[in-house]
Amino acid sequence: MAEIVRSVKGTRDFYPDVMAVRRWMFDIIRDVSTRFGYQEFDGPCLEFIDLYAAKSGEELVKEQAFVFSSPGDDMLTLRPELTPTLARMVAQRQYDIPLPLRWWSIGPFWRYENPQRGRTREFYQWNIDLVGTEAVAADAEIVAVAATFLKETGLSSEQVQIYVNNRRLMDEALSSLEVAKELRPAVFKVIDKLDKLSEKEWRAYALEIGLSEEQVGGLQTLVNAQDLWLKSDELVEFFELIKIFGLEDYVSFNPKVIRGLDYYTGIVFEAFELGGESRAILGGGRYDNLVADVGGNRLPGVGFAMGDVVLELVLQDAGVIPEKLGHTPQVLVTVFDEATIPESLKAAEEIRNAGYRVVVHPEADKLGKQFKYADKLDISVAVILGPDELKENLVAVKNLKTRDQVTIGRGELLSQIEKFLPSLP
RNA sequence: GUGCCUGUAGCUCAAUGGUUAGAGCGCCUCACUGUGGAUGAGGAGGUUGAGGGUUCGACCCCCUUCAGGCACCCCA
């Protein structure tokens, strides 16, 4: 065998069984998004690097984006995230698009990371946004979309939880601790680190960025204040609404959730798996200045993003991915010999027109071989049209799962297949 | 971008520095010229990730490189 050119580091090959899982996940995403009235959109995978220079974090562009110069010497990048593209698209048509807009998208993104489990260089990301309103109802709706999605994958509220916080609330709390404004981004980082460090390490880290002993103590109290949300009118209203959605099991307040990105201004949330490795599945929040940052007028919005890689791992560990996925063929029409090929093709077409997934064996191999092939493809029904059957205008239909085989009149082919395959999955 | 661990058949793994690198599963053929998951017999499949070095001799030791995993970083 000649040497096979290897695949690019951090990319994945989607063989049919893997592709079927992706298809299944994406179908739920599409279903939930559109049922909430969101419209699908997409942008280009290639963008000028300038689009990301404006915002979206230095690190993301400088160290994690695939940047290259085109033959025409433009500095291009493979999109590392969608939000700037969304902001541009909205800004370009600000006065034509009915607001608030509800848009969703799923597509490939690239980041130059060190690949490991749950992290690749090429991944798919679901983005969904509600732009043009500051209403708390919008925050609640977006979180409801996320919760509904998780629920419909089969994950229970014991397996996954969406933790919600509010940056305005945290800002106020930090004010009462007399934390200087310049220090806040660093403090948010400290909060973010809480679960990753030991208490001792965490205290040292907090002191290191310039907090006093007193402030560290206050911060510690703060991040454990499970009732803190009662001080935020927004969050009180938010949780009222989540209850109306009937999703309160999936959503809870958590003062430790803060999010790394700078552009969040209000509510922030992250979905975590509870058991196992407590990985972050999706994350988002309210951003009120994003469109303004790319040169449009101020437009408030709320949304989230979810990567496919971690999601799939979580779903796999939770055991909620259905066994039978994909559209493997249901019926194999065998081919007895050269002379009967037309009859087999005719029968296949008939079954196909009835809505079943049908394959015809490409050559007149021994029947045993053809059956074996059907087994490997997990095909349930085989149709046999040999000289004996054809002579009497009959057809043999075999249920490969139960080993039942019947020989019937040629005209009863479809009704017999329907008996063996009662439902069309 | 940094550090650590691991790369042997399609898969899971064996093989003190010493003949021709083995096993299970899987795959192909046959027993089975009109019937598949069992059984038996046979067969194919390897530049031991790649390249270099040490050695009389390397899957084994050393260096480089590639890939995967783990941690950091960051995040989806």
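So you know, we letter chains A, B, ... as the sequences are listed, proteins then strands, and number each from 1.
The base of B:A76 has none of its N or O atoms less than 3.5 Å from a complementary donor or acceptor on the side chain of A:Q64. One can find a donor-acceptor pair under 3.5 Å joining the base of B:C74 and the side-chain atoms of A:R119.
Aromatic stacking of A:F336 on B:G34: not satisfied for centres closer than 5.5 Å together with planes under 30 degrees.
Residue A:K189 is in sugar-phosphate contact alone, with no base atom involved, counting any heavy-atom pair closer than 4.0 Å across all strands shown.
Across the protein-nucleic acid pair, A:K366 atom NZ and B:U35 atom C1' stand 12 Å apart, rounded to whole Å.
Partners of A:D139 under the salt bridge (Lys or Arg N to Asp or Glu O under 4.0 Å) rule, at least two apart in sequence or in another chain, are A:R286. Taking A:E389 as the reference, nothing meets the salt bridge (Lys or Arg N to Asp or Glu O under 4.0 Å) condition, with sequence neighbours excluded.
Comparing the P positions of B:C27 and B:G10 gives a spacing of 15 Å, expressed to the nearest Å. Nucleotides B:U39 and B:G24, compared at atom P, are 14 Å apart to the nearest Å.
Checked against the 6.0 Å centroid threshold, A:W103 and A:Y38 do not count as a close aromatic pair.
Put simply, A:K398 has no side-chain N or O that comes within less than 4.0 Å of OP1 or OP2 on B:U35. Between A:Q116 and B:A71, a side-chain N or O to OP1/OP2 separation shorter than 4.0 Å is present. Close to B:G68, at under 4.0 Å from its OP1 or OP2, lies no side-chain N or O of A:R121.
Near RNA chain B, meaning a heavy atom under 4.0 Å away, the residues from residues 368-381 of chain A are A:G368, A:K369, A:F371, A:K372, A:D375, A:K376.
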